[in-house]
Amino acid sequence: MIILGIDPGFAIVGFGVLHSEQGKQALTACGAITTEAGLPLPTRLLQIENDMAQLFETFHPDVMAIEELFFTNNVTTGIGVAQARGVILTAAERAGVPIYEYSPSEVKLAVTGYGKAEKRQVMDMTKRLLNLKTVIRPDDAADAVAIALCHARSFTSRLQAPGDARPGSGRYAVKHPGKKTQTRWKGAN
């Protein structure tokens with residue numbers, strides 16, 4: 001299974017691509033999509049959408065794991081991140097890639113065994129679990145790899161069946177093969 005992990009943002013979108021097979025994971029690629037400060041938000045969102053399409057085309061992931069939106073103190077930044085996250089989700093849906101969401105504490109728990117682990121602990125365990133010589137940089141890429149690793153470790157758990165739809169942790173949207181999706185919006189007549 002090829003897993004694309006995404007740490008959403010609008011200035012920087014971290015990505016990590018893991019190959020996971022028989023309980024073992026290997027890092028294929030990681031990095032960051034960056035958008036130039038000062039550009040209008042719609043321009044930055046378009047760049048993110050285009051770069052996400054390129055990631056899907058390059059790596060052909062089987063699934064995308066993305067961190068749930070977590071607001072801290074800066075609501076303005078959170079709104080921009082939410083808009084970028086929407087573009088990322090749309091790009092995955094357009095590419096036909098199933099989407100899984102994980103909270104920050106779920107990622108920490110899956111990678112370190114402790115849901116309140118510090119960022120450096122997650123980065124160090126990611127390095128160890130993937131047998132890397134150094135900690136992944138930039139931090140956004142490291143976070144994305146940890147999210148992909150979380151999916152690899154959670155998805156293979158006997159506690160979660162592949163078809164489970166659990167809001168906030170697991171399958172984002174359940175696809176129904178053979179069932180047509182009904183459009184709810186109709187144009188003006």
Side-chain angles (χ1 to χ4, degrees), residues 1-20 25-37 39 41 43-72 74 77-93 95 97-112 117-130 132-155 169 172:
M1 174 183 346
I2 299 171
I3 305 165
L4 173 61
I6 295 292
D7 181 34
F10 67 91
I12 302 173
V13 176
F15 71 88
V17 181
L18 289 185
H19 182 257
S20 181
Q25 293 80 38
L27 181 63
T28 301
C30 66
I33 295 169
T34 57
T35 62
E36 188 178 325
L39 288 177
L41 183 60
T43 303
R44 293 171 94 172
L45 295 175
L46 180 60
Q47 181 189 335
I48 291 167
E49 180 182 23
N50 291 337
D51 289 351
M52 287 299 302
Q54 187 175 357
L55 285 175
F56 292 124
E57 189 175 307
T58 301
F59 296 106
H60 305 284
D62 297 304
V63 297
M64 182 180 82
I66 187 168
E67 189 171 64
E68 288 180 337
L69 191 56
F70 178 75
F71 282 96
T72 52
N74 193 339
T77 300
I79 291 170
V81 172
Q83 291 174 321
R85 192 172 180 281
V87 165
I88 293 165
L89 294 173
T90 301
E93 186 68 22
V97 177
I99 301 162
Y100 293 80
E101 293 182 286
Y102 296 96
S103 70
S105 61
E106 286 174 314
V107 174
K108 293 173 183 179
L109 181 63
V111 175
T112 69
E118 294 177 20
K119 187 176 194 81
R120 75 175 168 73
Q121 292 171 306
V122 175
M123 292 171 78
D124 185 55
M125 279 305 295
T126 299
K127 179 186 100 169
R128 290 175 189 229
L129 291 169
L130 295 173
L132 303 175
K133 293 182 182 191
T134 59
V135 170
I136 296 169
R137 296 284 179 209
D139 289 356
D140 305 275
D143 291 345
V145 171
I147 293 162
L149 193 54
C150 170
H151 180 74
R153 296 171 65 94
S154 299
F155 193 75
S169 61
Y172 182 80

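Quick note: numbers below take in every heavy atom, side chains included, and nothing from hydrogens, waters or symmetry partners.
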Sorted by chain and number, sequence neighbours left out, side-chain hydrogen bond (donor to acceptor under 3.5 Å, both in side chains) with Asn50 holds for none
Arg120: what forms a side-chain hydrogen bond (donor to acceptor under 3.5 Å, both in side chains) with it, not counting sequence neighbours?
none
With Arg85 as reference, evaluate Glu101, Glu68, Glu67 under the salt bridge (charged side-chain N to carboxylate O under 4.0 Å, His left out) test and give the passing residue.
Glu101
Contacts of Gln83 meeting side-chain hydrogen bond (donor to acceptor under 3.5 Å, both in side chains) (sequence neighbours excluded), chain-then-number -> none
With sequence neighbours left out, the residues meeting side chain to side chain contact (heavy atoms under 4.5 Å, CB included) with Ala11 are Arg44
Euclidean distance, Ile88 CD1 relative to Ile33 CD1, rounded to 0.5 Å
7.0 Å
side-chain contact (heavy atoms from CB on, under 4.5 Å) between Lys127 and Asp124: does it pass, once the steps are laid out?
CA-CA 5 Å; Lys127 179 186 100 169; Asp124 185 55; 4.0 Å; yes
Measuring from Phe10:CZ to Leu45:CG, what's the distance to the nearest 0.5 Å?
9.0 Å
Closest approach of Val17 to Leu27 (non-hydrogen atoms, all atoms of both residues):
O-CD1, 3.6 Å
Nearest heavy-atom approach of Phe59 to Ala29 is CZ-CB, 3.6 Å
Least distance between heavy atoms, Ile48 atom then Ala84 atom
CD1-CB, 4.0 Å
What is the minimum heavy-atom distance between Ala146 and Thr126, and which atoms define it?
CB-OG1, 3.8 Å
Any salt bridge (Lys or Arg N to Asp or Glu O under 4.0 Å) pairs touching residues 138-149, not counting sequence neighbours?
Lys119-Asp143, Arg137-Asp139
Spacing of CG belonging to Leu130 relative to CG belonging to Leu18, to within rounding of 0.5 Å
5.5 Å
Heavy-atom closest pair (Val122 atom, Thr112 atom, distance to 0.1 Å) is CA-CG2, 3.8 Å
List for me each residue that meets side-chain hydrogen bond (donor to acceptor under 3.5 Å, both in side chains) alongside Asp62, sequence neighbours excluded, and say none if there are none.
none
Distance, nearest 0.5 Å, that separates CG of Leu39 from CD of Gln47:
7.5 Å
Verdict with supporting geometry, Val63 and Met1, side-chain contact (heavy atoms from CB on, under 4.5 Å)
CA-CA 8 Å; Val63 297; Met1 174 183 346; 3.8 Å; yes
Starting at CD of Gln25, measure out to CD1 of Ile3 and round the result to the nearest 0.5 Å.
6.5 Å
Show your working on side-chain contact (heavy atoms from CB on, under 4.5 Å) between Leu89 and Met64 and close with a plain yes or no.
CA-CA 9 Å; Leu89 294 173; Met64 182 180 82; 4.1 Å; yes
Side chain to side chain contact (heavy atoms under 4.5 Å, CB included) against Ala110, all qualifying residues, sequence neighbours excluded
Cys150, Ser154
Residue pair Val13, Ile6: steps toward the side-chain contact (heavy atoms from CB on, under 4.5 Å) verdict
CA-CA 7 Å; Val13 176; Ile6 295 292; 3.9 Å; yes
Quick one: list whatever passes side chain to side chain contact (heavy atoms under 4.5 Å, CB included) with His19, sequence neighbours left out.
Ile2, Glu21, Thr28
Residues two or more places apart in sequence or in another chain: which of them pass side chain to side chain contact (heavy atoms under 4.5 Å, CB included) with Ala144?
Asp7
State the CZ-CG distance between Phe56 and Leu4, to the nearest 0.5 angstrom.
5.5 Å
What one should report as the nearest heavy-atom pair of Gly16 and Val145 is CA-CG2, 3.8 Å
